[in-house]
Structures are given as C-alpha cells and as structure tokens.
2 protein chains.
Amino acid sequence: MTAENRADHRPASPPLTERQEARRRRILNASAQLAARGGFDAVQMREVAEAAGVALGTLYRYFPSKIHLLVATMQDQLQHMHTTLRKRPPAGADPAERVAETLMRAFRALQREPQLADAMVRALTFADRSVSPEVDTVSRLTTAIILDAMGAENPTPSQLSAVRVIEHTWHSALITWLSGRASIAQVKIDIETVCRLIDLTAPRPGAA
Amino acid sequence: MTAENRADHRPASPPLTERQEARRRRILNASAQLAARGGFDAVQMREVAEAAGVALGTLYRYFPSKIHLLVATMQDQLQHMHTTLRKRPPAGADPAERVAETLMRAFRALQREPQLADAMVRALTFADRSVSPEVDTVSRLTTAIILDAMGAENPTPSQLSAVRVIEHTWHSALITWLSGRASIAQVKIDIETVCRLIDLTAPRPGAA
DNA sequence: CGCTAATCTAGAACAAGTTACAGACTTGAT
DNA sequence: ATCAAGTCTGTAACTTGTTCTAGATTAGCG
C-alpha cells in the first residue's frame, strides 16, 4: 500500500479535508442504507443527497453517477468483508474447499441484506467504460480475497485464470440468484463446481 | 416444439395477427439497428417507436420496458446464431474443445457488432425479476447451444452444473470485454479455462 | 485579518423511461 | 353490414438521473 492514500483504494488526487471525508462517509452510509431498504431503485440521488445532508450538486461532485456511487458502496462493503474474513480464515484442507467456503460465507452475508446486494451487484455489472477504474478496484479486491483463501502467495498464470473464472461465476451466479432464477442451493452447487478448477491448476507438489 | 407457437419461444397467449407479427418484427429490427449504432443508450424508446412506425404506447404494449425489448432482441439474435451454428457444427475432437470453439465463434460474431452486443448483454444482466421468464428463455437457448456442441444427449446433473458455470463465465467475460476491462485474448483464455470443467464431469466411457 | 479560489447550497432545467388518456381504426361475431 | 371489444395513434404528463447557475461558505495564504 502506498503512502498516498489511506486505504489503498482511491487515487488520492487532492487529499480530502476532514469535513469532506465526513461528507463522503455520510453519502456512502446513506447509499447503503437506502439500498438495504429497497435495492437499486430505492437509491435515488435526491434521497441520498438529502439523507446525507448535502446538496445534489455536491453528491455529483463526489460520485459522478449513481453507478459510481453504488460501485463505491460495494468497494466499501467488500473492504469490511475482507477484514472480517481475514480474522477467521477458512478451515478446509485443500484450496478448492477453502475458496468455496469463503465464497459461501460471503454469500451468506449478502443473503442477510439481499436488497443491498441487489443494488451493488446490478450496478457492478451495469457499469460502462466510464466506471472501469472503480470496477477494476472491486475486482482486484475480490481477487485478493480468493487468493487469500487459496493461500497462493505467487499464483501461476493458470491459477490466475482459474481465479478469473471463479469471479465470473461468482458475479453471474449472484445475479441469477438476485433475479430469482436460481435458488441458494443452485448457487452453492455452481460455486463448488467452479472451485474444482483450482485443483486442476494447482502446481504439482514437486514442481519449483 | 409444441404446436402452440411458431418458434418455441413466446408463451403464445393470444396468437398475433399478421399485422401484429409484422409490427413486432419492425420493432425488433429497429431495436437491433439502433443498438448496433450506439449501444444500450442509443436504444431510446421514442426512437424505436418512430423507426418502427408505431406509437409509443404500442411499443410498450408489445414490450413492457426497454429491458424487455432488448432481452427479446437478444432472443431473436440468439435464435439466428443457433441455426447458423447448427449448419456448421464444431470440429474439435473432445467436447471441451467443441464447446470452446462454439463459444469463440459466437464471440467473434459479437465482435462484429460490439455495440449491439453491449446493448443486449447489459440488458440481460440488468434485468430484474419482472423479466425473469424472458431471461430464462435466453438462458435455455444458450444451454441448448452448449449442449449441442458437447454432443450430450442426456447430460448428467454434474454436466449440467458445468454448463451452468460455463454460461456464467460466458456472460461475465463478455461484460468485462464490453466494458474494456479485458482483452479479447483474456476472454479466450477464460473460455478455454472454464471448458476444462467439461472433461472433469464427462461420464467415464465404461459407465452406463 | 482580508483576499481569492475552490467548494457547497438551493433550485431550476433538461433528458429519457414510463404512464395515462381521448379519439380513430380493426377485428370477429352476428 | 353492423356492433362491441379490443388495438393503435398522438400527445401530454410524470419520474428520476443528470446538468447548470447564481449566490453563500470555506480553505489556504499573505
């Protein structure tokens, strides 16, 4: 983590003053709260602004679109989850099991706030090019969580491919669940299925 | 295919008259054409209506939302692709290769109309519960295409899981490509990686 | 302190998806 | 051919994301 930013996730263009940091926090909280109530549609920019006690124009200065706001909200939540997960690492014997366990744990957390999950995941997959940097940050965070669970310090390219595919499956499976087209059990099966790829790409014990 | 509908994809509630069928077709064509020009944002309901020569209200009677319209457009395009693919089946030796080849062929088709792909895929993943039946139809079509490529007449449950994961990867990889976060080469690798799951789930030659 | 640039506020205005509605046109049955 | 029911058209209104503007506040600096 560089010294430029305090939580390895914002470009730290101009360092924010204290009041600005506080505003940003209020906005993100308001966003998460509204999302938790009614999902994507309930996060209305005017309402977020009012709940956060800022003017609409200010909200847009901090987050240039609703999608940016929700992706930032997801970043925020993921950060929480990452630190939470680090405290109690998965117990499985082999990497595939541990990754599946970790993702299922994350999945259960999302089930507790399905509307919030809806808002964040929909924003993430709907994001266009203008949000790429932010979406990429989320993706890197997710990758980090999965690699942590694998216990892979120096992943091989083929392991990284597997992780990419796992992420794809994770996002898409979430979407099918959120839109009611797949059950929780289905998501579990899909996650376990894709995690089998990890065994397939594990460097053989004897290899350098 | 049942006798109730002519292309195994609409619930056929009231059978449409000829003029209605023609209207529907004009709308879908207008949608695809606008999408091909400028992607999701360029498909504006007023413009679709005008280009198709119908009133706005009529457009909404046929497709209750922009998302419904674009998902229907995708259904339409997929249908084309399915018949095209059937004509020249993939040549690979084992199922995994054939599926990867098929998906890459589909991917190349999408690359020819990236904006259209953008509109359709974004709509598909943004769709909420109200569009579930239509999204499900698209999903079934995709599944059919993949099973065709596998040559699996009676897929086992574990093969179906693999297919589900492949679909997840397919959609999500497309999104990362469309939003400029992954290169074409990356998508190819991801597809090939996930297709390895097929070997993993293939029923052993000797089994019943 | 007093100045200047940047930031924030309140509110209007605009864009595109969606809904509503009155009147004209089609369709199907008699 | 005629009538009733259902469709279609044209248009206005409403909603919510986004942009714009003029005036107040704040931050950094001499």
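Just so it is clear, the values below take in all heavy atoms, side chains as well, and ignore hydrogens, waters and symmetry mates.
Using a cutoff of 4.0 Å between basic side-chain nitrogens and carboxylate oxygens, B:Arg46 and B:Glu50 are not scored as salt-bridged. Between A:Arg105 and A:Glu101 there is a salt bridge, since a side-chain N of the basic residue sits under 4.0 Å from a carboxylate O of the acidic one. Checked for salt-bridge contact, A:Arg25 and A:Glu21 miss the test: no charged N lies under 4.0 Å from a carboxylate O. Between B:Asp148 and B:Arg98 there is no salt bridge, since no side-chain N of the basic residue sits under 4.0 Å from a carboxylate O of the acidic one.
Relative to the six-membered ring of B:Tyr62, B:Arg24 misses at least one condition, a distance below 6.0 Å or an angle of at most 45° to the axis. A cation-pi arrangement is absent between B:Lys66 and B:Tyr60, since the terminal nitrogen or guanidinium carbon is not both under 6.0 Å from the aromatic centre and inside a 45° cone about the axis.
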Distances for protein N or O near nucleotides 21-30 of chain D N or O, under 3.5 Å:
unit_1	atom_1	unit_2	atom_2	d
D:dT26	O3'	A:Arg19	NH1	3.4

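Taking each heavy atom of B:Pro95 and B:Met150 in turn, the nearest pair found is CB-O, 4.0 Å.
The shortest distance between side-chain heavy atoms of A:Leu200 and B:Asp199 does not fall below 4.5 Å. In this structure, the side chains of A:Leu160 and A:Thr156 stay at 4.5 Å or more apart for every pair of heavy atoms.
The distance from atom CG of B:Asp128 to atom P of C:dG17 is 16 Å, rounded to the nearest whole Å. Atom P of nucleotide D:dT11 and atom CG of B:Leu59 are separated by 17 Å, given to the nearest angstrom. Between B:Ile67 atom CD1 and C:dA16 atom C1' there is a gap of 13 Å when expressed in whole angstrom units. Counting to the nearest Å, the C1' atom of C:dC8 and the CD atom of A:Gln20 are 10 Å from each other. When rounded to the nearest whole Å, the span between CD of B:Glu21 and P of C:dT27 equals 14 Å. Between the CG atom of B:Leu70 and the P atom of C:dA16 there is a distance of 15 Å, given to the nearest Å. Atoms OH (A:Tyr60) and C1' (C:dT9) sit 16 Å apart, rounded to a whole Å. In this structure, the CD atom of B:Gln44 is 14 Å from the P atom of D:dT18, given to the nearest Å.
Of the residues in residues 45-56 of chain B, those with a non-hydrogen atom less than 4.0 angstrom from any atom of DNA chain D are B:Arg46, B:Gly53, B:Val54, B:Ala55.
Each of D:dT7, C:dT9, D:dT18 was ranked by its minimum atom distance to the side chain of A:Lys66; first place goes to D:dT18.
The residue B:Tyr62 sits close only to the backbone: its heavy atoms come under 4.0 Å of sugar-phosphate atoms, none of a base.
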